[in-house]
Amino acid sequence: MANDFEKHIASVKDFPNKGIIFRDITPILQDGKLFQAATHELAEYVKSKNADVIVGPEARGFIVGCPVATELGIGFVPARKPHKLPREVERASYDLEYGSNSLEIHKDAIKPGQRVVVCDDLLATAGTLRACKQLIENLGGELVGSAFYIELPDLKGKEKLPGLDVYSLVKYHGA
(Lines give C-alpha, C1' and ligand atoms only; values in the text may rest on other atoms or scores of the structure.)
Protein backbone atom coordinates (compact mmCIF):
# COMPACT_ATOMS: atom_id res chain seq x y z
CA MET A 1 0.00 0.00 0.00
CA ALA A 2 1.42 3.39 -1.02
CA ASN A 3 -0.19 5.25 1.89
CA ASP A 4 0.25 4.54 5.57
CA PHE A 5 -3.35 5.27 6.56
CA GLU A 6 -2.87 3.80 10.03
CA LYS A 7 -0.66 6.65 11.22
CA HIS A 8 -3.44 9.13 10.37
CA ILE A 9 -6.18 7.38 12.37
CA ALA A 10 -6.79 8.85 15.81
CA SER A 11 -7.41 6.60 18.83
CA VAL A 12 -9.42 7.24 21.97
CA LYS A 13 -8.98 4.75 24.81
CA ASP A 14 -11.97 3.05 26.43
CA PHE A 15 -14.70 4.40 24.17
CA PRO A 16 -17.91 4.56 26.29
CA ASN A 17 -20.30 1.61 26.09
CA LYS A 18 -18.25 -0.42 23.62
CA GLY A 19 -15.26 -1.32 25.78
CA ILE A 20 -12.92 -0.95 22.81
CA ILE A 21 -10.47 1.65 21.60
CA PHE A 22 -12.36 4.02 19.32
CA ARG A 23 -10.65 4.59 15.96
CA ASP A 24 -11.44 7.94 14.32
CA ILE A 25 -10.93 8.55 10.59
CA THR A 26 -11.43 12.34 10.88
CA PRO A 27 -7.72 13.12 10.30
CA ILE A 28 -7.92 11.28 6.94
CA LEU A 29 -11.07 13.16 5.99
CA GLN A 30 -9.46 16.50 6.84
CA ASP A 31 -6.53 15.95 4.47
CA GLY A 32 -7.81 16.26 0.90
CA LYS A 33 -5.00 14.26 -0.69
CA LEU A 34 -5.17 11.48 1.89
CA PHE A 35 -8.99 11.32 1.66
CA GLN A 36 -8.68 11.12 -2.12
CA ALA A 37 -6.08 8.33 -1.84
CA ALA A 38 -8.28 6.34 0.57
CA THR A 39 -11.29 6.83 -1.69
CA HIS A 40 -9.32 5.69 -4.72
CA GLU A 41 -8.04 2.57 -2.96
CA LEU A 42 -11.56 1.58 -1.90
CA ALA A 43 -12.82 2.38 -5.42
CA GLU A 44 -10.28 -0.05 -6.90
CA TYR A 45 -11.67 -2.78 -4.64
CA VAL A 46 -15.30 -1.95 -5.52
CA LYS A 47 -14.40 -1.90 -9.22
CA SER A 48 -12.84 -5.38 -8.87
CA LYS A 49 -16.20 -6.63 -7.53
CA ASN A 50 -18.04 -5.33 -10.62
CA ALA A 51 -20.53 -3.54 -8.37
CA ASP A 52 -23.58 -1.74 -9.74
CA VAL A 53 -24.26 0.19 -6.55
CA ILE A 54 -22.79 1.01 -3.13
CA VAL A 55 -24.78 0.96 0.10
CA GLY A 56 -23.48 3.20 2.89
CA PRO A 57 -24.87 2.90 6.43
CA GLU A 58 -25.58 6.12 8.33
CA ALA A 59 -23.57 8.25 8.88
CA ARG A 60 -19.91 7.47 8.22
CA GLY A 61 -20.92 5.10 5.44
CA PHE A 62 -22.23 8.15 3.56
CA ILE A 63 -18.86 9.87 3.94
CA VAL A 64 -16.94 6.77 2.85
CA GLY A 65 -19.22 5.30 0.19
CA CYS A 66 -20.53 8.33 -1.69
CA PRO A 67 -17.11 9.53 -2.96
CA VAL A 68 -16.28 5.96 -4.04
CA ALA A 69 -19.54 5.71 -6.00
CA THR A 70 -18.86 9.13 -7.54
CA GLU A 71 -15.34 8.11 -8.61
CA LEU A 72 -16.71 4.98 -10.27
CA GLY A 73 -19.85 6.55 -11.74
CA ILE A 74 -22.15 4.06 -10.01
CA GLY A 75 -25.16 4.54 -7.75
CA PHE A 76 -25.06 5.22 -4.03
CA VAL A 77 -27.83 4.12 -1.65
CA PRO A 78 -27.95 5.47 1.90
CA ALA A 79 -29.00 3.04 4.63
CA ARG A 80 -30.63 5.33 7.20
CA LYS A 81 -31.67 5.02 10.81
CA PRO A 82 -35.45 4.63 11.31
CA HIS A 83 -37.99 7.22 10.15
CA LYS A 84 -35.60 9.42 8.14
CA LEU A 85 -36.63 8.36 4.64
CA PRO A 86 -39.84 9.32 2.86
CA ARG A 87 -41.77 6.77 0.80
CA GLU A 88 -41.88 3.02 1.34
CA VAL A 89 -38.85 1.50 3.02
CA GLU A 90 -37.39 -1.90 3.77
CA ARG A 91 -36.18 -2.24 7.38
CA ALA A 92 -33.67 -4.58 9.04
CA SER A 93 -32.88 -4.68 12.75
CA TYR A 94 -29.49 -5.42 14.23
CA ASP A 95 -27.89 -5.91 17.63
CA LEU A 96 -24.62 -4.48 18.85
CA GLU A 97 -22.78 -5.04 22.11
CA TYR A 98 -24.42 -1.89 23.54
CA GLY A 99 -27.99 -2.16 22.22
CA SER A 100 -30.04 -2.60 19.10
CA ASN A 101 -31.22 -0.44 16.22
CA SER A 102 -32.37 -0.77 12.64
CA LEU A 103 -31.55 0.53 9.19
CA GLU A 104 -33.88 1.39 6.33
CA ILE A 105 -33.51 1.87 2.59
CA HIS A 106 -36.09 2.76 -0.03
CA LYS A 107 -37.88 -0.30 -1.39
CA ASP A 108 -36.93 0.71 -4.94
CA ALA A 109 -33.26 1.50 -4.16
CA ILE A 110 -31.83 -1.90 -5.11
CA LYS A 111 -32.98 -3.62 -8.29
CA PRO A 112 -33.18 -7.42 -8.49
CA GLY A 113 -29.85 -8.85 -9.60
CA GLN A 114 -27.79 -5.74 -8.85
CA ARG A 115 -24.31 -6.37 -7.47
CA VAL A 116 -23.78 -4.38 -4.28
CA VAL A 117 -20.82 -3.46 -2.09
CA VAL A 118 -21.30 -1.98 1.39
CA CYS A 119 -18.83 0.81 2.28
CA ASP A 120 -18.37 2.09 5.83
CA ASP A 121 -15.69 3.43 8.13
CA LEU A 122 -15.41 0.51 10.58
CA LEU A 123 -16.01 -3.24 10.74
CA ALA A 124 -16.24 -4.28 14.38
CA THR A 125 -18.99 -6.75 15.32
CA ALA A 126 -20.73 -6.56 11.90
CA GLY A 127 -24.17 -5.53 13.17
CA THR A 128 -24.75 -2.85 10.55
CA LEU A 129 -23.14 -4.95 7.82
CA ARG A 130 -25.50 -7.85 8.57
CA ALA A 131 -28.48 -5.46 8.49
CA CYS A 132 -27.31 -4.10 5.12
CA LYS A 133 -26.92 -7.64 3.79
CA GLN A 134 -30.48 -8.44 4.85
CA LEU A 135 -31.83 -5.27 3.19
CA ILE A 136 -29.94 -5.92 -0.04
CA GLU A 137 -31.08 -9.54 -0.25
CA ASN A 138 -34.69 -8.69 0.68
CA LEU A 139 -34.77 -6.36 -2.34
CA GLY A 140 -33.25 -8.97 -4.69
CA GLY A 141 -29.71 -7.60 -4.81
CA GLU A 142 -26.50 -9.56 -4.32
CA LEU A 143 -23.96 -8.45 -1.72
CA VAL A 144 -20.62 -9.12 -3.44
CA GLY A 145 -18.26 -7.43 -0.97
CA SER A 146 -17.68 -4.88 1.74
CA ALA A 147 -15.07 -2.14 2.07
CA PHE A 148 -13.92 -0.34 5.21
CA TYR A 149 -11.30 2.12 6.31
CA ILE A 150 -10.78 0.13 9.53
CA GLU A 151 -11.30 -3.48 10.57
CA LEU A 152 -11.08 -4.74 14.16
CA PRO A 153 -10.48 -8.48 13.56
CA ASP A 154 -10.44 -9.34 17.27
CA LEU A 155 -14.17 -8.49 17.46
CA LYS A 156 -14.85 -11.22 14.88
CA GLY A 157 -17.23 -9.23 12.66
CA LYS A 158 -15.91 -10.91 9.52
CA GLU A 159 -16.62 -14.34 11.02
CA LYS A 160 -20.31 -13.47 11.36
CA LEU A 161 -20.65 -13.29 7.57
CA PRO A 162 -18.81 -16.34 6.26
CA GLY A 163 -18.04 -16.22 2.57
CA LEU A 164 -18.39 -12.44 2.29
CA ASP A 165 -15.32 -10.71 0.94
CA VAL A 166 -14.13 -7.97 3.32
CA TYR A 167 -11.57 -5.35 2.30
CA SER A 168 -10.07 -2.84 4.74
CA LEU A 169 -7.35 -0.21 4.51
CA VAL A 170 -6.18 -0.86 8.10
CA LYS A 171 -6.57 -3.81 10.50
CA TYR A 172 -6.12 -3.20 14.22
CA HIS A 173 -5.49 -6.21 16.43
CA GLY A 174 -5.99 -5.94 20.17
CA ALA A 175 -9.11 -3.78 19.81
Side-chain angles (χ1 to χ4, degrees), residues 9 15-25 38 42-43 45-46 48-69 74-85 87-175:
I9 295 171
F15 186 62
N17 299 322
K18 290 188 178 183
I20 61 173
I21 296 173
F22 178 65
R23 307 295 181 169
D24 182 22
I25 65 169
L42 292 179
Y45 168 78
V46 173
S48 77
K49 302 313 276 178
N50 232 1
D52 301 306
V53 67
I54 290 173
V55 168
E58 190 171 331
R60 291 285 178 130
F62 299 1
I63 296 166
V64 172
C66 196
V68 172
I74 63 175
F76 175 80
V77 175
R80 304 287 317 260
K81 297 286 170 74
H83 313 295
K84 293 186 176 182
L85 293 173
R87 304 192 328 254
E88 275 193 85
V89 297
E90 183 75 22
R91 178 182 287 177
S93 297
Y94 61 94
D95 292 317
L96 297 172
E97 60 279 5
Y98 54 87
S100 61
N101 209 330
S102 59
L103 289 174
E104 298 176 344
I105 61 175
H106 285 124
K107 284 194 177 250
D108 62 355
I110 306 287
K111 308 293 184 260
Q114 280 190 311
R115 296 173 58 83
V116 183
V117 171
V118 172
C119 287
D120 205 355
D121 68 324
L122 175 70
L123 175 61
T125 60
T128 55
L129 180 56
R130 287 183 305 193
C132 286
K133 181 180 188 303
Q134 181 182 346
L135 290 168
I136 292 161
E137 290 175 351
N138 287 354
L139 295 174
E142 178 189 2
L143 181 60
V144 296
S146 57
F148 300 90
Y149 273 39
I150 301 167
E151 181 182 345
L152 303 176
D154 294 350
L155 296 179
K156 303 183 185 333
K158 187 175 179 176
E159 293 174 17
K160 295 174 184 166
L161 289 160
L164 179 64
D165 192 43
V166 174
Y167 177 80
S168 56
L169 298 177
V170 177
K171 290 183 177 146
Y172 284 101
H173 291 276

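Listed here is the closest heavy atom pair of Leu169 and Ala38: CD1-CB, 3.7 Å. Ala69 and Phe76 get closest at one heavy-atom pair: CB-CB, 3.9 Å. Taking each heavy atom of Val117 and Ala147 in turn, the nearest pair found is CG1-N, 4.2 Å. When every heavy atom of Ser102 is checked against every heavy atom of Pro82, the shortest pair comes out as OG-CG, 3.1 Å. For the residue pair Leu103 and Ala79, the shortest heavy atom distance occurs at CD2-O, 3.7 Å. For the pair Ile136 and Ile110, the tightest heavy-atom approach, listed with the atom from each and the gap, is O-CG2, 4.4 Å.
Arg115 places a side-chain N or O within donor-acceptor distance of the main-chain N or O of Lys49, the cut-off being under 3.5 Å. Checking side-chain atoms of Glu58 against main-chain N and O of Lys81 turns up a donor-acceptor pair under 3.5 Å. Asp95 contributes no side-chain N or O that, together with a main-chain N or O of Ser100, makes up a donor-acceptor pair within less than 3.5 Å. When atom types are taken as modelled, the side chain of Lys158 and the backbone of Pro153 share no donor-acceptor pair closer than 3.5 angstrom. Looking only at distances, no side-chain donor or acceptor of Ser146 sits under 3.5 Å from a matching main-chain atom of Tyr167.
How far NE2 of His106 is from CD of Glu88: 10.0 Å, rounded to the nearest 0.5 Å. How far CG of Leu152 is from CG of Leu123: 7.5 Å, rounded to the nearest 0.5 Å.
Using a 4.5 Å heavy-atom cutoff, the side chains of Tyr45 and Val68 are not in contact. By the 4.5 Å heavy-atom criterion applied to side chains, Asp121 and Ile63 are not counted as neighbours.
Environment of NZ in Lys156: sparse, with no more than 12 heavy atoms of neighbouring residues, nucleotides or ligands closer than 6.0 Å.
Here Glu90 pairs with Lys107, Leu135, Asn138, Leu139 under the side chain to side chain contact (heavy atoms under 4.5 Å, CB included) rule; sequence neighbours left out.
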Problem - Leu122 and Arg60: CA distance, side-chain angles, deciding distance, side-chain contact (heavy atoms from CB on, under 4.5 Å) verdict - result: CA-CA 9 Å; Leu122 175 70; Arg60 291 285 178 130; over 6 Å; no
Practice task
May I have the step-by-step check of side-chain contact (heavy atoms from CB on, under 4.5 Å) for Tyr149 and Leu42, ending in yes or no?
Solution key: CA-CA 8 Å; Tyr149 273 39; Leu42 292 179; 3.5 Å; yes
Practice task
Show your reasoning for whether side-chain contact (heavy atoms from CB on, under 4.5 Å) applies to Val118 and Val55.
Solution key: CA-CA 5 Å; Val118 172; Val55 168; 4.3 Å; yes
Exercise for the section: Under the side-chain contact (heavy atoms from CB on, under 4.5 Å) rule, what do Leu143 and Leu161 come out as? Steps first, then yes or no, please. Expected result: CA-CA 11 Å; Leu143 181 60; Leu161 289 160; 5.8 Å; no
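A salt bridge is defined here as a Lys NZ or Arg NE, NH1 or NH2 lying under 4.0 Å from an Asp or Glu carboxylate O, and Arg87 with Asp108 meets this definition. Salt bridge Glu104/Arg80: absent, no basic N to carboxylate O contact under 4.0 Å.
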